[in-house]
Amino acid sequence: METKRKETRKSLRIKVISMGNAEVGKSCVIKRYCEKRFVPKYLATIGIDYGVTKVQIRDREIKVNIFDMAGHSFFYEVRNEFYKDTQGVILVYDVGQKESFNALDLWLAEMKQELGPHGNMENIVFVVCANKIDCGKLRCVVESEGRLWAESRGFLYFETSAQTGEGINEMFQTFYSAIVDLCDNGGKRPITSASNSFTKEQVDTIRRIRNSKDSWDMLGVKPGTTRDEVNKAYRKLAVLLHPDKCMAPGSEDAFKAVVNARTALLKNIK
Ligand code: GTP
Ligand code: MG
């Protein structure tokens with residue numbers, strides 16, 4: 001009797017769903033993990049694919065119900081009812097397709113809308129897969145950009161390739177572990193150390209620097225301003241973003257860009 005009760009406590013049943021634009025590789029990422037194989041030919045998911053797998057996480061056996069969603073917008077009507085009662089979401093984009101990265105916000109919005117005003121996205125584990133990292137030169141979304149998007153929201157982030165298998169096992173293991181932690185924590189997402197170790201100001205500043213149109217814009221000063229003003233603006237950013245102090249993804253690149261912007265501006269100011 002005692003043993004039986006113990007086992008019931010240990011086994012766990014969870015629901016996870018996949019999200020992301022059509023053709024980014026959602027089905028292939030799942031297939032690579034569950035069936036250890038890759039199919040190069042594109043077979044669009046029609047509506048939803050459903051599967052069950054058992055995985056062992058630490059001392060737990062967990063039964064995972066996977067709902068692999070179709071990315072095409074015309075399947076919206078089929079997808080929308082599957083968002084509820086989910087513990088984990090695999091959000092996938094293709095690193096060679098900027099649009100699929102930009103669409104992540106829209107996927108979150110669709111889910112939020114379907115869950116309605118009483119739905120709670122805080123207590124779901126999200127993992128972002130930057131997929132197709134085998135694509136080499138075609139890559140246009142860099143790691144720090146994806147990582148920043150994910151980690152600033154408290155999401156996990158992994159670089160994956162369903163083709164080569166890189167990152168896949170690690171991603172699923174970490175994802176399932178986080179879901180087990182969530183269930184043990186009374187269904188609340190535990191605070192991750194990553195999302196705790198940098199501030200919103202740092203994240204916003206890195207994003208602003210990445211999108212700035214020139215060196216003036218990057219330092220946040222008006223064209224034609226004085227050396228003093230440039231140095232002042234530079235020092236403020238340097239303190240905020242110095243890689244020794246700032247753990248946010250992309251801070252090192254942003255810091256370097258700021259150093260270069262200052263050098264370039266000072267060269268031209270008498
Ligand atoms: P929908 O079901 O339509 O939403 O698409 P999906 O996101 O499930 O994409 P799917 O897994 O069917 O993969 C789309 C195409 O990308 C297929 O031709 C795959 O072979 C290819 N693909 C998937 N993952 C990878 C990868 O990591 N690298 C490369 N090179 N190709 C991949
Ligand atoms: Mg699919």
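Each ligand, and each atom within it, is numbered from 1 in the order the structure gives. Nothing here was measured: the structure is a model prediction, and the numbers come from that model.
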Asker: Starting from atom 11 (O) of ligand 1, find the nearest protein heavy-atom neighbour and note its residue, name and distance.
Answerer: C28 N, 2.9 Å
Asker: Show me which atoms of ligand 1 lie under 4.0 Å from any heavy atom of N131.
Answerer: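 Answer, ordered by atom number: 24 (N), 25 (C), 27 (O).
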Asker: Does NZ or CZ of R147 lie under 6.0 Å from the centre of the six-membered ring of W149, at an angle within 45° of the ring axis?
Answerer: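 No, R147 does not sit over the ring of W149.
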Asker: Could you list the atoms of ligand 1 found under 4.0 angstrom from a heavy atom of N21?
Answerer: 7 (O)
Asker: May I ask which of T45, D94, I168 has a heavy atom nearer to atom 2 (O) of ligand 1 than the others do?
Answerer: T45
Asker: Identify, for atom 27 (O) of ligand 1, the protein heavy atom at the shortest distance, and state residue, atom and that distance.
Answerer: A162 N, 2.8 Å
Asker: What part of P40, side chain, backbone, both or neither, has a heavy atom within less than 4.0 angstrom of ligand 1?
Answerer: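 Answer for P40: backbone.
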Asker: Distance under 4.0 Å to a non-hydrogen atom of K26: what atoms of ligand 1 satisfy this?
Answerer: 1 (P), 4 (O), 5 (O), 6 (P), 7 (O), 8 (O), 9 (O), 11 (O)
Asker: Could you confirm whether S18 has any N/O/S atom lying under 2.8 Å from the Mg ion (ligand 2)?
Answerer: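 False for S18.
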Asker: Considering the heavy atoms of K41, write down every atom of ligand 1 situated less than 4.0 Å from one of them.
Answerer: 18 (O)
Asker: Given V24, D134, L43, which one has a non-hydrogen atom that is nearest to atom 28 (N) of ligand 1?
Answerer: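 Checking each option, the heavy atom nearest atom 28 (N) of ligand 1 is found in D134.
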Asker: Could you tell me if any non-hydrogen atom of I30 lies under 4.0 Å from any atom of ligand 1?
Answerer: no
Asker: Hey, does the Lys NZ or Arg CZ of K84 hover above the aromatic six-ring of F82, less than 6.0 Å from the centre and inside 45° of the axis?
Answerer: no
Asker: Which atoms of ligand 1 sit under 4.0 Å from any heavy atom of F38?
Answerer: 20 (O), 22 (N), 23 (C), 24 (N), 25 (C), 31 (N), 32 (C)
Asker: For the pair K54 and I62, evaluate side-chain contact (heavy atoms from CB on, under 4.5 Å) and give the outcome as yes or no after the intermediate values.
Answerer: CA-CA 6 Å; K54 276 189 184 154; I62 61 173; over 6 Å; no
Asker: Using only heavy-atom distances, determine whether the side chains of D94 and S100 contain a donor-acceptor pair under 3.5 Å.
Answerer: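 Side-chain D/A pair, D94 to S100: absent.
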Asker: Is any NZ, NE, NH1 or NH2 atom of the basic residue among R32 and E166 found under 4.0 Å from an Asp or Glu carboxylate oxygen of the other?
Answerer: no
Asker: Has K31 got its NZ or CZ under 6.0 Å from the middle of the six-membered ring of F38, at an angle within 45 degrees of the ring axis?
Answerer: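 The answer is no; the distance or angle limit is not met.
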Asker: Where does the angle between the aromatic ring planes of H72 and F74 fall among parallel (under 30°), tilted (30 to 60°) and perpendicular (over 60°)?
Answerer: parallel
Asker: Counting from 1, what ligand 1 atoms have a heavy atom of G71 closer than 4.0 Å?
Answerer: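 Listed by number with element, the hits are 1 (P), 4 (O).
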Asker: If the contact criterion is a heavy-atom separation under 4.0 Å, does A70 count as touching ligand 1?
Answerer: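 Distance cut 4.0 Å: A70 passes for ligand 1.
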Asker: Would you give the length of the straight line joining atom CE of M218 to atom OG of S212, rounded to the nearest 0.5 angstrom?
Answerer: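 Taking CE in M218 and OG in S212, the distance rounds to 3.5 Å.
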Asker: Show which atoms of ligand 1 fall inside a sub-4.0 Å distance from at least one heavy-atom site of V39.
Answerer: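 It comes down to these atoms of ligand 1: 19 (C), 20 (O).
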Asker: Return the residue, atom name and 0.1 Å-rounded distance of the protein heavy atom closest to atom 16 (O) of ligand 1.
Answerer: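 For this ligand atom, the closest protein heavy atom is K132 NZ, 2.9 Å.
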Asker: R13 and N65: side-chain donor and acceptor closer than 3.5 Å?
Answerer: no
